[in-house]
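Ligands are counted one by one from 1 in listed order, and the atoms in each one are counted from 1 as well. All figures in this text were calculated on a predicted structure; none of them were measured in a lab. Side chains included, hydrogens not; waters and symmetry mates left out as well; all remaining heavy atoms used.
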Amino acid sequence: MLIGKPSDIPSSAITPKEQYLNRRRFLRGAISGAVAAGAAAVGAERLAEVFSPRIGALAGTKLETVKSPLTTTGEELTPEEYITHYNNFYEFGVDKDQPAKNAGALPIRPWTIKVEGKVAKPLTFDIDTLLKLRPLEDRVYRHRCVEAWSMVIPWVGYSLSEFIKQCQPLASAKYVQFLSYYDKRVEKWASESTISWPYSEGLRMDEAMHPLALLTFGLYGEVLPNQDGAPVRIVVPWKYGFKSAKSIVAVRFLDKQPSTTWNDQAPNEYGFYSNVNPEVDHPRWSQKTERRVGLPFYSQRRTTLMFNGYGDQVASLYTGMNLKKNF
Ligand code: MTE
């Protein structure tokens, strides 16, 4: 199973956040004529299915945040219901709407991250300790999927470098690998794809230490919904979305480039670096433009920016490298 180029979802199928929250509140109670009327455009049955509160016990918990100088400004945020109902999380199904339906089973507490490999000593961090390690920042980032769609997401977290410093990597650590939670009893849908689990991703150490790389605990000021990688994931905004492993349980420091899920699946299609690059097409489609999810159909198309628009901050990481070869 390979990442596919998705077909468009009609914007009429999804509603703005306030409406959605109201509907969820309502759906917990009795069905009334008023909401049935509000739901008419989407279909009440579909609403009940899409917005049922199956997104984890801590769903909706607010996080205290501070503003960040590293935020991207000026672009319209993608409505939360797209961010939470149009997902890639193959452990919970290969269709975009499946993670929202199936990820409720992810056991997000207790949760630890094991730190292994080239470190002063192996460590284990509890999620609630990590949440308090640094002030949580609101960081609006562009999110560009290799499938040529994009969103603008207000994440919550702090720089991955702050966490890495706590891990005390040795000088011999040149790469860092992130491994996602995997339990086939919980993630029954994982067998629908040919991926060898757990999901694995990796960065070169200097990439991981770049302040833009985010250890992410939330979005829209609340804890991450399970389908977005609760309770903690990585976000690397200048790379295609698949570099951002969800629901991570282990971090390994290595002296060699780790094997990574999509690169293993199809090395000619998904490079280890996978920096957003409009000049390097995917073998099956162009990367020159993207479809901004959540906007009216006629205004979705936009030009893809080198390094997803973060070039002034990250291009120096790749000085002297042939980015067509190291795609
Ligand atoms: N992490 C895990 N564990 N499993 C996955 O299937 N999909 C990746 C990435 N991280 C994936 C994952 C892909 S292909 C993308 S585009 C992003 O998560 C999607 O993140 P989002 O659903 O929050 O938009």
Side-chain angles (χ1 to χ4, degrees), residues 1-6 9 55-56 77-103 106 108 111 113 139 141-157 177-184 186-187 189-203 213-214 216-220 222-251 260-266 269-271 274 276 282 287 290-294 308:
M1 174 67 60
L2 297 180
I3 293 179
K5 193 165 187 287
I9 42 172
I55 55 170
L77 298 183
T78 303
E80 190 176 358
E81 57 273 29
Y82 285 88
I83 302 171
T84 58
H85 291 83
Y86 192 75
N87 297 104
N88 280 333
F89 201 167
Y90 278 30
E91 291 90 323
F92 293 105
V94 295
D95 294 334
K96 296 282 182 284
D97 61 345
Q98 276 182 294
K101 291 178 190 157
N102 300 334
L106 188 68
I108 53 173
W111 189 278
I113 298 185
R139 295 239 192 125
Y141 283 163
R142 282 181 290 272
H143 181 62
R144 171 61 158 83
C145 182
V146 73
E147 297 163 328
W149 51 264
S150 64
M151 299 188 187
V152 180
I153 304 185
W155 299 111
V156 175
Q177 180 183 26
F178 307 97
L179 296 163
S180 296
Y181 175 89
Y182 179 58
D183 182 339
K184 64 177 179 205
V186 174
E187 293 160 324
W189 305 266
S191 57
E192 288 170 9
S193 74
T194 55
I195 286 173
S196 118
W197 306 101
Y199 194 90
S200 158
E201 257 312 330
L203 297 169
L214 193 69
T216 308
F217 301 91
L219 59 85
Y220 265 110
E222 296 176 358
V223 294
L224 282 171
N226 289 5
Q227 62 268 37
D228 286 279
V232 58
R233 69 178 289 174
I234 305 299
V235 172
V236 194
W238 69 96
K239 292 179 180 281
Y240 293 120
F242 70 85
K243 293 298 293 179
S244 300
K246 293 178 166 183
S247 305
I248 55 169
V249 292
V251 174
T260 53
T261 294
W262 287 106
N263 186 239
D264 280 359
Q265 283 277 308
E269 301 196 11
Y270 311 104
S274 278
V276 175
H282 184 278
Q287 294 291 21
E290 65 203 49
R291 181 176 64 83
R292 182 64 51 86
V293 172
N308 205 19

Give yes if a backbone or side-chain nitrogen or oxygen of [X] is under 3.5 Å from a nitrogen or oxygen of ligand 1, and no if not.
X: Asn87; value: yes
X: Asn88; value: yes
X: Gln227; value: no
X: Tyr86; value: no

* To do: Classify the ring geometry between Trp189 and Phe92 as parallel (under 30°), tilted (30 to 60°) or perpendicular (over 60°).
  => tilted

* Fit a plane to each ring of Tyr182 and Trp197, take the angle between them on a 0 to 90° scale, and name the class: parallel (under 30°), tilted (30 to 60°) or perpendicular (over 60°). =>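 Rings of Tyr182 and Trp197: parallel, as their planes differ by under 30°.
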
* Should the proximity of Glu201 to ligand 1, defined as any heavy atom under 4.0 Å, be assigned to the side chain, the backbone, both, or neither? -> neither

* To do: Determine whether the side chain, the backbone, both or neither of His143 has a heavy atom under 4.0 Å from any heavy atom of ligand 1.
  => side chain

* **Numbered atoms and elements of ligand 1 in range of Phe89, under 4.0 angstrom, heavy atoms** =>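 Numbered from 1, ligand 1 contributes 2 (C), 3 (N), 4 (N), 5 (C), 6 (O).
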
* Identify, with sequence neighbours excluded, every residue that meets ring-ring contact (aromatic ring centres under 6.0 Å, His included) alongside Tyr240. => none

* **Those residues that, when tested against Arg292, pass salt bridge (Lys or Arg N to Asp or Glu O under 4.0 Å) (two or more places apart)** =>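 Applying salt bridge (Lys or Arg N to Asp or Glu O under 4.0 Å) to Arg292 gives Glu75, Glu290.
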
* Work out whether the distance between some heavy atom of Ser244 and some atom of ligand 1 is less than 4.0 Å. => yes

* Asked: Within less than 4.0 angstrom of ligand 1, does Arg233 place any heavy atom?
  ->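 Contact check Arg233 vs ligand 1: positive.
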
* Does a donor on one side chain sit under 3.5 Å from an acceptor on the other, for Asn87 and Lys96? -> no

* Asked: Will you find, in the side chains of Ser244 and Glu201, an N or O donor that is under 3.5 Å from an N or O acceptor?
  ->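 No, no side-chain donor-acceptor contact under 3.5 Å.
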
* From the candidates Tyr82, Phe92, Tyr199, the one that places a heavy atom nearest atom 8 (C) of ligand 1 -> Tyr199

* The single option from Arg144, Arg139, His143 passing side-chain hydrogen bond (donor to acceptor under 3.5 Å, both in side chains) against Tyr141 -> Arg139

